[in-house]
Amino acid sequence: WQLVESGGGAVQTGGSLTLSCVASGFSLDDYAIGWFRQAPGEEREGVSCISASRDRIWYEDPVKGRFTISRDNAKNMATLQMNNLKPEDTATYFCAATKQSGYLLCTTADRHYDYWGQGTQVSVSS
């Protein structure tokens, strides 16, 4: 079972990136998906999540209004659209999947996630 992130890169302040998370070996249909990030020397933090039902979407305050999470079960993937990027968004971004939150809910608490990708690097310069 595997989650693979892609789409990271280096951009200037105000730029945009779209991160993708593709699952292989299992179906994401019944899994909530979360995006997390970890900056150098910092703890990993939750960014956003989307429930299996798509009814629940959550963004942490630092990214509200700038990031958009979505999922495409037919393609077995999730996406994090990141706009108006800031230097403080610089981090390695991870996607994760879980059934622990149930079908209708999601969480940005990483301890509730079972499957993790290897991460993709995002660098935002001023």
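These values consider heavy atoms only, across backbone and side chains, with no hydrogens, waters or symmetry-generated copies.
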Is atom CD of Q12 surrounded by more than 12 heavy atoms (other residues, nucleotides or ligands) closer than 6.0 Å?
->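 Atom CD in Q12 is not packed in, count stays at 12 or less.
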With a 6.0 Å cut-off (strictly less than), is the heavy-atom count around CH2 of W58, excluding the residue itself, greater than 12?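 At most 12 heavy atoms, drawn from other residues, nucleotides or ligands, come within 6.0 Å of this atom.
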Straight-line distance of [X] [atom1] to [Y] [atom2], nearest 0.5 Å:
{"X": "L19", "Y": "S6", "atom1": "CG", "atom2": "OG", "value": "8.0 Å"}
{"X": "C106", "Y": "R54", "atom1": "SG", "atom2": "CZ", "value": "13.0 Å"}
{"X": "D72", "Y": "M77", "atom1": "CG", "atom2": "CE", "value": "7.0 Å"}
{"X": "R71", "Y": "S51", "atom1": "CZ", "atom2": "OG", "value": "7.0 Å"}

- Message: We want to know whether Q81 and T18 form a side-chain donor-acceptor pair, criterion being a heavy-atom distance below 3.5 angstrom.
- Response: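 A pair is found: one side chain offers a donor N or O, the other an acceptor, under 3.5 Å apart.
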Using atom types as modelled and distance alone, determine if a side-chain donor or acceptor of [X] lies under 3.5 Å from a backbone N or O of [Y].
{"X": "E60", "Y": "G46", "answer": "no"}
{"X": "N76", "Y": "A23", "answer": "yes"}
{"X": "R66", "Y": "N84", "answer": "yes"}
{"X": "T13", "Y": "K86", "answer": "no"}
{"X": "Q118", "Y": "E5", "answer": "no"}
{"X": "D114", "Y": "T98", "answer": "no"}

Group every Ile, Leu, Val, Met, Phe, Trp and Tyr by side-chain heavy-atom contacts under 4.5 Å, then state whether [X] and [Y] land in the same group.
{"X": "V47", "Y": "F94", "value": "no"}
{"X": "Y113", "Y": "Y115", "value": "no"}
{"X": "L105", "Y": "I57", "value": "no"}

I'd like a table of donor-acceptor pairs (distance under 3.5 Å, sequence neighbours excluded) in which one partner is a side-chain atom from residues 32-42, with atom names and distances.
from	atom 1	to	atom 2	distance (Å)
R37	NE	E45	OE2	2.6
R37	NH1	D89	OD1	2.9
R37	NH1	Y93	OH	2.9
R37	NH2	E45	OE2	3.2
Q38	NE2	E42	O	3.0

Are [X] and [Y] close enough that some pair of their side-chain heavy atoms sits under 4.5 Å apart?
{"X": "L28", "Y": "L3", "result": "yes"}
{"X": "D110", "Y": "W116", "result": "yes"}
{"X": "Q121", "Y": "T90", "result": "yes"}

So which atom in [X] and which in [Y] form the shortest heavy-atom distance, rounded to 0.1 Å?
{"X": "N73", "Y": "A52", "answer": "ND2-O, 4.5 Å"}
{"X": "D30", "Y": "Y103", "answer": "OD1-CE1, 3.8 Å"}
{"X": "N83", "Y": "S16", "answer": "OD1-OG, 3.0 Å"}

Review point. Which pairs pass side chain to side chain donor-acceptor pair (under 3.5 Å) with one or both residues in residues 19-29, sequence neighbours excluded?
Key: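 Listed once each, the pairs are S27-D29.
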Please test F67 against L85 for side chain to side chain contact (heavy atoms under 4.5 Å, CB included), starting from the C-alpha separation and ending with a verdict.
-> CA-CA 9 Å; F67 290 12; L85 283 161; 3.9 Å; yes
field: Mutual orientation of the aromatic rings belonging to Y31 and F26 [parallel < 30°, tilted 30-60°, perpendicular > 60°]
entry: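 Geometry flag for F26 against Y31: perpendicular rings.
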